[in-house]
Structure formats: structure tokens, C-alpha cells
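To start, the structure itself, in C-alpha cells.
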Protein chains: 2
Amino acid sequence: MSKFIYGRPYQVTTKGPQFTPCAPHSVLTRLGDKWTILVMSHLAIAPGFRLRFSELKRGIEGITQRMLTLTVRNLERDGLVVRHYYPEVPPRVEYELSTMGASMLPALEGFTSWISNNWQQIEENRRNFDAGD
Amino acid sequence: MSKFIYGRPYQVTTKGPQFTPCAPHSVLTRLGDKWTILVMSHLAIAPGFRLRFSELKRGIEGITQRMLTLTVRNLERDGLVVRHYYPEVPPRVEYELSTMGASMLPALEGFTSWISNNWQQIEENRRNFDAGD
DNA sequence: CAGGATCCCAACTGATACTG
DNA sequence: CAGTATCAGTTGGGATCCTG
């Protein structure tokens, strides 16, 4: 019999509670990588949820061409972003949040606002811990 | 002047929108690592939000002693988990969600439920993409 | 029991150069 | 402009052994 806790399904077994193969993990792993959240955030505030490659690159301080390519490619692979290719010269490519990608934003909001309210505390905790408790 | 979008502060500059040094990132990175969500989830359903080291280890399939130690140590460092040490023989150590750690759970819920509703689609998108669009 | 210490490999990330 | 290719450095994670 399957139960739910905070959005996560799990089963009560004789060995104790077992979470089903970590579905959220693969998503959180993507969001947790170095640039994904920044790309999503920029698309979220862009007109039409849409920006071209060079606009994203300019908007994100420090990202290299290679890492931006990898990041948007992974988002496209997940279906969170749609890639629009215009074979002009020079070529133009635009990235747009998909319907699913846009639907993630409100869901993400509660969590990111919790982070906004708590990250200073977390940073302070880390400093204290590193200073030797 | 600072604006907010989906819980994230950003500034409108002449170079376009700039997100302030990615505060959510360090938190998402922690949550996105391999074992953290599983540890948090097990504590979330434990009586008193509290489990001992060996209980966590038994509950999480495949985790090694080393990785569990690193994971709970990082959570302790962030202040999301409190470590209770009982110098008995043999020693007993219990990990408990802190107030802040517990306060994260409802915030996380909206996001994890979005993931629950969408991860099959994401997995399918990945398969299709990998099969050559 | 709950770890610390080592060693090792794989994956992620960055820098640079090249191209349709 | 928007990539791809290559190489190198760093980090994350696992396996194994040892200890208060």
C-alpha cells in the first residue's frame, strides 16, 4: 500500500518505509546543477518566456558558450524548454519555456520563497559550523 | 531597484535582468545531490522527525556508511538537521530535523507534487530525445 | 555503532580553438 | 551566431580498511 508524504510516494515494508526509486531526484539533480536555475529564471521573466541564445549568454554572468549549450540542451531533452531554430545567416536560435516548463514556475515558487527567507540563516549556520561549531 | 519573480530577487540593469548571486543555487545543489532528499524524506516520516544513524542506513537502499555520514554532516552544517550524540557504549547518534528543516517540508511539498505529476512525462521526453527526437 | 582515512574512478565543469 | 571538438582540472561518489 502506497502512502504519500510531502508529495513523495513511499511504501511501508517490513524493512521500514521505502521511497520508490527516487523520481524527484533526477529532476532536482538537473535543477541543482550549476546553471539550470539561472536559465529557467531568465526565461521566466522574458517576454513570451523566450530568449535567443546570445541573450541568455549575455544575461548570465560567467557562463561559457559550452555550458549554456549543455544546459539548454538538457532542458530541451526534459521537455521543459523548446528550441526554435531559424536557418538564417547568421543563424538564430530561440529558447522558450514549454507549457510544462512554465507550469513548473508556480510550483517552484513556494520552495524558492522558502529559500529566500532562509538562505541567510543557512549561510550563517555554515560559517559557524566551519568555524568549529 | 530590486524585483521578485517566483521567489527570486533580481535587478534590472542596463545589461538586462541580473539575478543576485544565486542564493537558491547552493540550497538546490545540496538537495540535488545523490542522497539528501532521501535522508530528509525518511526523517520527515519518522516519529519525532528523528532517527538514529543505523536506522537511516537501513532505510536507504544502497547508501554507504561514508555517503550517509557526509550527507547528514552537510545537513547538520546547514542547520537543517540536529545531531544528537549519546556517548554510550556502543555510541548512539540520532539525527533530527531542526525547526528550519521541518519548515522546509511544506515549502518543498508544492514542488515535489509538481514533480510527481510530471516526472513520467519528463522521463518519456528524455527517451524520445535520446532516440533521436 | 558510528564514524574517519585512503584510494580510485567517473562525472561535471572550464578553457580554448574551430566551423556551418 | 550558435554551436562542436578536444583537453585538462576539479569534484562527487563508491570501495575498502581501520578505530574510539
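Throughout, protein chains are lettered first and strands after them, A, B, ... in sequence-line order, and every chain is numbered starting at 1. In what follows, every heavy atom counts, from backbone to side chain, and hydrogens, waters and symmetry copies are set aside.
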Distance in angstrom units between [X] [atom1] and [N] [atom2], rounded:
| X | N | atom1 | atom2 | value |
| --- | --- | --- | --- | --- |
| B:Arg30 | D:dG12 | CZ | P | 8 Å |
| B:Glu94 | C:dA2 | CD | C1' | 13 Å |
| A:His84 | D:dG3 | NE2 | P | 13 Å |
| B:Glu88 | C:dG3 | CD | P | 13 Å |
| B:Glu76 | C:dG3 | CD | C1' | 13 Å |
| A:Lys57 | D:dG3 | NZ | P | 12 Å |
| A:Tyr85 | D:dC1 | OH | C1' | 10 Å |
| A:Leu51 | D:dC1 | CG | C1' | 15 Å |

From OG (B:Ser41) to CH2 (B:Trp35), nearest 0.5 Å: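 The CH2 atom of B:Trp35 is 13.0 Å from OG of B:Ser41, to the nearest 0.5 Å.
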
Side chains of [X] and [Y] in contact at under 4.5 Å (non-hydrogen atoms):
| X | Y | answer |
| --- | --- | --- |
| B:Leu70 | B:Met67 | yes |
| B:Leu43 | B:Leu51 | yes |
| B:Leu105 | B:Glu109 | no |

Between A:Thr71 and A:Asn74: side-chain donor-acceptor atoms closer than 3.5 Å: no

Sugar-phosphate, base or nothing in reach of A:Tyr86, heavy atoms under 4.0 Å: nothing

Contact state string [nucleotides 4-20 of chain C, B base, S sugar-phosphate only, - no protein heavy atom under 4.0 Å]: S-B------BBB----B

Below 4.0 Å: OP1/OP2 of D:dG3 and any side-chain N or O of A:Tyr95: yes

Donor-acceptor contact below 3.5 Å, side chain A:Ser98 vs main chain A:Gly79: yes

